[in-house]
Amino acid sequence: MARGTVVQKIIDAHFVEGSRETGKPVAIRIDQTLTQDATGTMAYLELEAMNVPRVKTELSVSYVDHNMMQNGPENRNDHLYLQSVASNKGVLFSPPGNGICHQVHLERFGAPGKTLIGSDSHTPTGGGIGMLAIGAGGLDVALAMAGKPFRIPYPKVIGIRLTGKLQPWCAAKDVILKVLSILTTKGNVGSVAEYFGPGVATLSVPQRATITNMGAELGVTTSVFPSDESTKRFLTAQGRADVFVPLAADDDAEYDQLIEIDLAEIQPLAACPSSPDNIKTVESLGDIKVDQVIIGSCTNSSYRDLAMVAQTLRGRRIAPSVTLAIAPGSRQVLEMLARNGMLADIIGAGARILESGCGPCIGQGQSPADDTVSVRTFNRNFAGRTGTRGDQAYLVSPETAVAVALTGKFTDPRTLGIEYPVVAEPEKFLIDDGMIRHPAGTGEIIRKRTIGQPPVNTPLPEELDGVVVIKVGDKITTDHIMPAGIHLKLRSNIPAYSKVVFECFSEPGKPTFAERAAAVRDSGRAGVIIGRDSYGQGSSREHAAICPMYLGVKVVAALAIERIHSANLVNFGIVPLLFSDVADYDAIEEGDSLQFHNLREQLAAGGAVKGELRKQDGTTREIVFKHRLSAEDIRIILAGGMLNL
Ligand code: MIC
Ligand code: SF4
């Protein structure tokens with residue numbers, strides 16, 4: 001077990017109950033929460049269902065950043081609900097236009113040594129400022145707002161020792177892509193990545209935040225940097241020096257696993273289609289022609305990133321064959337660029353300016369043309385996430401993105417022949433919190449017709465007669481399960497949103513997953529989903545549990561299930577089971593029956609769970625499943641989900 005690390009120090013300072021043994025559950029006190037609109041409506045409906053008059057955290061903020069297209073009334077209906085419920089419950093509200101939750105939270109609210117949970121998987125951005133910042137499902141965030149502690153498995157600590165200094169045109173994004181090439185997106189559940197070593201001091205807070213943000217793609221619980229002079233400078237420039245506390249691992253700290261990275265050896269890298277861990281050097285990609293470049297998202301749209309882009313574009317013009325879109329991370333960043341003239345450099349070069357928000361990162365516009373290459377500074381390139389089936393999306397640093405925009409093809413920025421613009425961190429950011437609405441603590445909650453209620457599950461039956469509705473392969477992400485893009489506006493309307501569960505696997509002329517699952521449910525049987533390795537990667541969207549639950553799914557069985565998704569399944573009363581043997585996975589086909597006798601009793605006993613597979617040809621096979629459920633998880637599942645408790 002690791003010793004003397006930053007992670008352990010923050011957990012110790014927030015310890016409520018549980019174990020300090022790796023892998024055993026520990027409950028910690030939560031200081032701050034954040035929500036965004038796409039997961040937030042459900043989170044606040046759940047908070048309302050808990051009858052909590054006022055949130056009990058030190059600080060809770062509700063952001064609107066995902067759903068801002070307002071095609072139809074749904075988005076604005078959500079915003080009005082969110083603003084009014086925030087005011088009623090004692091939550092700060094950051095309206096559309098103010099920026100992406102993670103970027104704004106880092107700038108205006110994050111504080112070293114504090115705990116933060118957010119209903120978005122990139123909440124670990126706060127690790128860049130020395131917070132223990134964890135992504136979770138909306139229900140877990142609602143519980144934290146209600147003053148309940150948050151449970152995690154006591155983490156294994158992966159120490160990442162940084163030495164050296166980044167060379168010109170090589171970026172923080174390349175560092176996290178390097179880490180992804182080493183650790184991959186699989187097999188890191190239950191770990192925290194902690195950065196240390198002499199290289200840390202060479203990175204500014206926004207650079208660190210890029211690294212911890214995209215740490216989400218590793219599948220770790222979170223990532224964290226120490227809090228040092230660089231942290232103090234950033235907080236001082238944000239007018240918040242008062243929240244600074246120093247935080248570092250002990251000199252003799254021990255880690256469960258150790259990785260060494262020499263920053264001086266980092267080269268421009270790209271995550272190739274369609275996984276964030278499919279890493280190649282930009283140089284090795286040759287001259288691939290590119291149609292679209294987008295710079296933005298919570299990973300790479302800080303002032304530093306966009307000022308570097310502006311200075312590179314100054315007096316130049318993008319290649320005629322590409323489009324370049326810029327989505328600034330926050331209003332602070334956009335306004336600073338506008339006031340110092342850099343926005344004019346960006347516009348003059350031919351870029352299209354989008355509003356401050358998630359935008360194309362979550363498939364809200366800018367879908368690429370068929371059979372073309374899109375280069376983005378984002379953190380996810382899961383198949384179809386751009387809104388185009390068969391898309392070819394590459395993830396790169398802003399340095400590489402701007403080089404590609406200038407040449408129209410993959411280009412290592414070091415070969416541009418342009419001097420690298422070194423952007424000093426501003427001594428003072430433009431500070432204007434005037435858009436943040438402070439809660440009145442009262443007031444009517446505005447509930448338009450598209451705001452539904454969170455559906456409630458039935459208690460788990462003792463005899464579960466299941467039907468395998470779908471069998472999928474490795475690395476199924478929550479974008480596969482519950483697509484966003486044009487469907488995102490249905491987040492507060494579960495019956496409508498449920499129709500597109502597993503839409504990417506639909507075939508013309510055949511019944512959809514939703515139709516098959518609903519037919520199983522209506523025949524009185526239970527739906528079963530079969531996954532392979534790393535099921536449920538990616539987003540924290542609890543809709544990937546709620547909508548299958550609404551369609552009657554009671555069991556998800558896979559070789560491995562990612563942390564946030566597994567917790568969401570538990571919260572909505574779906575049993576997450578793990579195969580002990582890949583041969584069992586191989587034996588199952590869609591349409592087979594999977595029956596569990598005395599399931600409640602088996603789960604309550606705590607050990608393995610036996611099921612019987614009945615194949616469509618009449619043969620049977622006993623399957624012994626494992627699980628990683630705590631006693632508390634089992635109590636929730638037996639009740640049919642947290643809301644029933
Ligand atoms: C994402 O990047 O996939 C999202 C959209 O921010 C999600 C949250 C969501 O699905 O609402 C996330 O990362 O948790
Ligand atoms: Fe928004 Fe994209 Fe960040 Fe998710 S990853 S919070 S969609 S910018």
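If you read the sequence from its start, that first residue is 1, and numbering goes on from there. The figures that follow rest on heavy atoms only: side chains count, while hydrogens, waters and symmetry mates do not. In listed order, ligands and their atoms are each counted from 1.
The line from CE of M145 to NZ of K89 is 10.0 Å long, rounded to the nearest 0.5 Å.
For R380, a nitrogen or oxygen atom sits less than 3.5 Å from a nitrogen or oxygen atom of ligand 1, counting backbone and side chain alike. Among the atoms of T39, none of the N or O lies under 3.5 angstrom from an N or O of ligand 1. In terms of N/O distances under 3.5 Å, ligand 1 is approached by S539.
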Audit row: Y81, S492, side chain to side chain donor-acceptor pair (under 3.5 Å) steps and yes/no: CA-CA 10 Å; Y81 168 71; S492 28; over 6 Å; no
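Nearest to atom 13 (O) of ligand 1 among the protein's heavy atoms is S121 OG, 2.5 Å. Looking only at protein heavy atoms, the nearest one to atom 10 (O) of ligand 1 is R541 NE, 2.6 Å. Protein heavy atom closest to atom 1 (Fe) of ligand 2, with residue, atom name and distance, is C358 SG, 2.3 Å. Among protein heavy atoms, the minimum distance from atom 2 (Fe) of ligand 2 is reached at C361 SG, 2.3 Å.
Relative orientation of the F505 and H480 rings is parallel, given thresholds of 30° and 60° on the angle between their planes. The aromatic rings of F502 and Y535 lie tilted to each other, with the angle between the two planes from 30° to 60°.
Judged purely by atom type and a 3.5 angstrom limit, R541 uses its side chain to pair as donor or acceptor with the backbone of M482. A distance-only check finds no donor-acceptor pair linking the side chain of T478 to the backbone of I481 [under 3.5 Å].
Judged by distance alone, the side chains of T33 and S60 do bring a donor and an acceptor atom under 3.5 Å apart. With 3.5 Å as the limit, one finds a donor-acceptor pair spanning the side chains of S330 and E107. Side-chain N/O atoms of T450 and N493 include no donor and acceptor closer than 3.5 Å. For the 3.5 Å distance criterion, the side chains of T400 and S397 qualify, holding a donor opposite an acceptor.
Here C298 reaches atom 3 (Fe) of ligand 2: one of its N/O/S atoms is less than 2.8 Å from the metal.
The S540 neighbourhood of ligand 1 comprises atoms 12 (C), 14 (O), with distances under 4.0 Å to a heavy atom of that residue. For ligand 2, the atoms sitting less than 4.0 Å from at least one non-hydrogen atom of N379 are 5 (S), numbered in the order shown with element in parentheses. Listed by atom number, the atoms of ligand 2 under 4.0 Å from I362 heavy atoms are 7 (S). Set against the non-hydrogen atoms of D120, the atoms of ligand 1 under 4.0 Å away are 4 (C), 6 (O), 7 (C), 8 (C), 12 (C), 13 (O), 14 (O). Near S297, with a cut-off below 4.0 Å to any heavy atom, the atoms of ligand 2 are 8 (S). Interface atoms of ligand 1 facing A38, defined by a heavy-atom separation under 4.0 Å, are 11 (O). Residue contact check: H66 has heavy atoms under 4.0 Å from atoms 1 (Fe), 4 (Fe), 6 (S), 7 (S) of ligand 2. Atoms of ligand 2 lying under 4.0 Å from at least one heavy atom of H102, given by number and element, are 6 (S). For ligand 2 and D120, the ligand atoms under 4.0 Å from any heavy atom of the residue are 6 (S). Residue-ligand proximity, H66 to ligand 1, at heavy-atom distances under 4.0 Å covers atoms 4 (C), 5 (C), 6 (O).
Contact annotation: for Q36 versus ligand 1, heavy atoms closer than 4.0 Å belong to the side chain alone. Contacts between I362 and ligand 1, counted as non-hydrogen atom pairs separated by less than 4.0 Å, involve the side chain only. Heavy atoms of R380 found under 4.0 angstrom from ligand 2: none, in either backbone or side chain.
The 12-atom threshold is not exceeded at NZ of K178, counting heavy atoms of other residues, nucleotides or ligands nearer than 6.0 Å. I353 CD1: more than 12 foreign heavy atoms inside a 6.0 Å radius.
The residues R628 and D633 are annotated as not salt-bridged, no charged nitrogen and carboxylate oxygen being separated by less than 4.0 angstrom. Salt bridge R376/D391: absent, no basic N to carboxylate O contact under 4.0 Å.
R385 counts as a contact of ligand 1, since one of its heavy atoms falls under 4.0 Å from the ligand. Residue-ligand proximity: R491 is placed with a non-hydrogen atom under 4.0 Å from ligand 1. Residue contact check for ligand 2: Q36 places no non-hydrogen atom closer than 4.0 Å to it.
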